[in-house]
Amino acid sequence: MKGRSLIPELPEVETVRRELEPWLNQRQILKAGLVDAKPGPKYAELERAIGQKILGVNRRGKFLLLRLDGGDELVIHLGMTGIISPKEPQKHVRVALELSGEGNTRLYFQDVRRFGRFLVVKAGDYQSLPTLKTLGVEPLSEDFKPLDFWQTLQASKMPIKSYLLSQRPVAGVGNIYADEALWLAKIHPLRPSSSLSQMEAHELVSAIQKILSQSIEAQGTTLNDYRTVNGEVGAYLSELKAYGHAGDACPRCQNLILKTSLGGRGTHFCPQCQRVTNNFAGQGCKP
């Protein structure tokens with residue numbers, strides 16, 4: 001399953017958040033600066049963090065939000081190749097922080113492909129981060145309710161996988177876990193979102209929550225670049241049933257998993273388990 005880098009999704013970012021929380025909470029940022037990076041919208045206002053204390057490490061979708069006691073937030077997005085570490089990498093370091101306290105007092109942000117973000121904003125002011133502004137409900141929260149989700153789906157004719165990837169109906173679900181959740185719920189990824197029944201929406205909510213929770217327990221999925229703060233790989237790769245398994249037998253029915261392209265993203269599904277009836281064929285979804 002080696003190939004192009006993928007953006008870490010909710011389980012990977014949540015794993016990083018859980019490791020950062022006990023390390024960073026209540027530490028003061030003594031220094032903050034760019035290393036091998038130029039100032040710009042991706043690395044903005046870091047000097048504002050200097051002197052502020054970290055009050056907590058939160059997550060919203062695929063974003064890390066570090067609350068600062070001066071009324072700001074340090075916003076981090078790992079991009080495709082971002083890694084946060086207390087150990088200085090040999091190259092591709094974009095940001096370095098010096099922290100108060102004992103033990104590991106340096107934080108490094110390594111990002112080979114430079115798609116990540118590491119910037120300071122006023123708490124809650126995401127004008128420079130439009131993706132963060134439009135995120136849907138958190139899938140592991142009590143707010144992710146099947147009926148509300150179904151009603152949201154009724155407003156879109158986008159393929160259900162594309163709509164999930166837009167982050168608007170639910171936050172944090174990317175290419176890997178969309179394929180896995182749709183496989184578990186037996187829903188074809190090209191089905192128009194509005195075509196899902198209430199029961200199917202309920203099944204998809206359950207599938208999303210189950211897949212994400214299991215992956216968090218395994219510290220996420222490492223295909224190429226993703227690493228935890230402690231430098232470990234995610235162990236969920238071996239649990240994937242659909243994603244990356246084109247040409248393999250479906251674990252449920254033994255038909256071959258197929259791969260297609262949807263919006264430029266590789267999409268994996270079982271043509272038997274995730275069948276499309278003729279009712280939906282006329283809506284741009286081939287059986």
Charged N-O contact under 4.0 Å between Lys62 and Glu12: no

query: So, Ser194 side chain and Gln154 main chain: donor-acceptor pair closer than 3.5 Å or not?
result: no

- prompt: Step by step, would you call Ile50 with Leu30 a side chain to side chain contact (heavy atoms under 4.5 Å, CB included)?
  reply: CA-CA 5 Å; Ile50 298 173; Leu30 303 179; over 6 Å; no

message: Phe118 vs Phe109, test: ring-ring contact (aromatic ring centres under 6.0 Å, His included). Steps then yes/no.
response: CA-CA 8 Å; Phe118 207 107; Phe109 181 60; 5.2 Å; yes

- request: With salt bridge (charged side-chain N to carboxylate O under 4.0 Å, His left out) as the test, would you mind laying out the steps for Arg106 and Glu88 before giving the verdict?
  value: CA-CA 8 Å; Arg106 297 292 181 106; Glu88 185 174 9; over 6 Å; no

query: Could you walk me through whether Asn58 and Leu64 pass the side chain to side chain contact (heavy atoms under 4.5 Å, CB included) check?
result: CA-CA 6 Å; Asn58 301 321; Leu64 292 165; over 6 Å; no

message: Taking the side chain as everything from C-beta on, heavy atoms only, tell me whether Leu164 gets closer than 4.5 Å to Val170.
response: yes

task: Please check if the side chain of Gln254 supplies one atom and the backbone of Ala249 the other of a donor-acceptor pair under 3.5 Å.
output: no

Co-membership, hydrophobic cluster, residues Val95 and Leu20, 4.5 Å side-chain: yes

- prompt: Should Glu138 and Arg60 be marked as a salt bridge (charged side-chain N to carboxylate O under 4.0 Å, His left out) after you check the CA-CA gap, both sets of side-chain angles, and the distance that decides it?
  reply: CA-CA 7 Å; Glu138 285 291 323; Arg60 185 74 174 95; 2.9 Å; yes

message: Quick check: closest heavy atoms across Leu10 and Ala171, and the distance to 0.1 Å?
response: CD1-O, 3.8 Å

message: Tell me if a side-chain donor or acceptor on Glu73 pairs with a main-chain N or O of Gly124 at a distance below 3.5 Å.
response: yes

query: To the nearest 0.5 Å, what is the distance between CZ (Arg168) and CE (Met158)?
result: 5.5 Å

- prompt: Judged by atom type as modelled, is there a donor-acceptor pair below 3.5 Å linking the side chain of Glu232 to the main-chain atoms of Thr228?
  reply: no

- prompt: How close do Ala242 and Ile257 get, heavy atom to heavy atom, and via which atoms?
  reply: O-CG2, 3.9 Å

field: Residue pair Pro169 / Ser166: nearest heavy atoms and the distance that separates them
entry: CD-OG, 3.7 Å

Under 3.5 Å donor-acceptor, Ser206 side chain and His202 backbone: yes

query: Side chains of Lys31 and Leu97: does their closest heavy-atom pair fall under 4.5 Å?
result: no

message: For Val57, is there any backbone N or O sitting under 3.5 Å from a side-chain donor or acceptor partner on Arg17?
response: yes

- prompt: Honestly curious: do Val205 and Ile160 fall in one hydrophobic cluster under the side-chain, below-4.5 Å linking rule?
  reply: yes

- prompt: CZ of Arg67 to CD of Gln52: how many Å apart, nearest 0.5 Å?
  reply: 12.5 Å

task: Quick one: closest heavy-atom pair of Thr15 and Gly220, and the distance?
output: OG1-N, 4.1 Å

message: For the residue pair Tyr236 / Glu180, report whether a side-chain donor-acceptor contact shorter than 3.5 Å exists.
response: no

field: Short N-O contact, Asp111 and Arg117, less than 4.0 angstrom
entry: no

message: I'd like to check Trp23 versus Asn104 (side-chain heavy atoms, cut-off strictly below 4.5 Å). Are they in contact?
response: yes

query: Would you say the side-chain atoms of Glu19 pair up with the backbone N or O of Asn230, donor to acceptor, closer than 3.5 Å?
result: yes

- request: Would you indicate whether the side-chain heavy atoms of Cys253 and Cys273 approach each other to under 4.5 Å?
  value: yes

message: Tell me whether Thr222 contacts the main-chain N or O of Asn224 through its side chain, where contact means a donor paired with an acceptor under 3.5 Å.
response: no

- line: Interatomic distance, NE2@His188 vs SG@Cys270, rounded to 0.5 Å, equals 9.5 Å

Closest non-hydrogen atom pair, Gly266 against Asn175: O-ND2, 3.1 Å

query: For the side-chain hydrogen bond (donor to acceptor under 3.5 Å, both in side chains) test, which of Arg94, His92, Lys91 pairs with Asp36?
result: Arg94

- prompt: Side chain of Thr134, backbone of Pro130: donor and acceptor closer than 3.5 Å?
  reply: yes

Closest approach of Thr105 to Ser100 (non-hydrogen atoms, all atoms of both residues): CG2-O, 4.2 Å

message: Can a donor-acceptor pair be found, under 3.5 Å and without considering hydrogens, that links the side chain of Asp69 to the backbone of Lys53?
response: yes

message: With a 4.0 Å cut-off on N to O distance, would you call Lys186 and Glu200 a salt bridge?
response: no

query: Would you call Ile83 and Tyr108 a side-chain contact if the rule is heavy atoms closer than 4.5 Å?
result: no

task: Spell out, yes or no, whether Leu190 and Leu258 are grouped together once hydrophobic residues are joined by side-chain heavy atoms under 4.5 Å, including indirect joins.
output: no

query: Are any of the side-chain nitrogens in Arg48 or Asp72 under 4.0 Å away from the carboxylate oxygens of its partner?
result: yes

message: Any heavy-atom pair between the side chains of Tyr43 and Leu119 that's under 4.5 Å?
response: no

query: How long is the gap from CG on Leu34 to CD on Glu47, to the nearest 0.5 Å?
result: 9.0 Å

query: Rounded to the nearest 0.5 Å, what separation is found between the OG1 atom of Thr81 and the CZ atom of Phe115?
result: 8.0 Å

message: Please evaluate residues Trp150 and Leu204 with respect to the criterion side chain to side chain contact (heavy atoms under 4.5 Å, CB included), reporting the C-alpha separation (whole Å), side-chain torsions for both, the decisive distance (0.1 Å), and the verdict.
response: CA-CA 10 Å; Trp150 175 73; Leu204 184 52; over 6 Å; no

- request: Decide whether Met80 and Leu165 are clustered together by the hydrophobic rule: side chain heavy atoms of Ile, Leu, Val, Met, Phe, Trp, Tyr closer than 4.5 Å, transitively.
  value: no

message: Could you tell me if the side chain of Thr221 sits less than 4.5 Å from the side chain of Tyr226, heavy atoms only?
response: no

message: Here's a test for you: under side chain to side chain contact (heavy atoms under 4.5 Å, CB included), which of Leu6, Leu237, Ile7, Ile211 qualifies with Ile176?
response: Leu6

- prompt: With hydrophobic residues grouped by side-chain heavy-atom distances under 4.5 Å, do Ile76 and Leu135 end up in a single group?
  reply: no

message: Test side chain to side chain contact (heavy atoms under 4.5 Å, CB included) on Leu65 and Leu132; report intermediate values, then the result.
response: CA-CA 11 Å; Leu65 304 174; Leu132 183 54; 4.1 Å; yes

- request: Could you grab the distance from atom CG of Leu184 to atom CD1 of Ile208, nearest 0.5 Å is fine?
  value: 10.0 Å

query: Which of these passes ring pair (Phe, Tyr, Trp, His ring centres under 6.0 Å) with His268: Tyr177, Tyr243, Trp183?
result: Tyr243

- prompt: Is any side-chain heavy atom of Gln198 less than 4.5 Å from a side-chain heavy atom of Pro146?
  reply: no

- request: Go through Thr267 and Lys161 one step at a time and tell me if the side chain to side chain donor-acceptor pair (under 3.5 Å) criterion holds.
  value: CA-CA 9 Å; Thr267 297; Lys161 181 180 176 181; 3.0 Å; yes

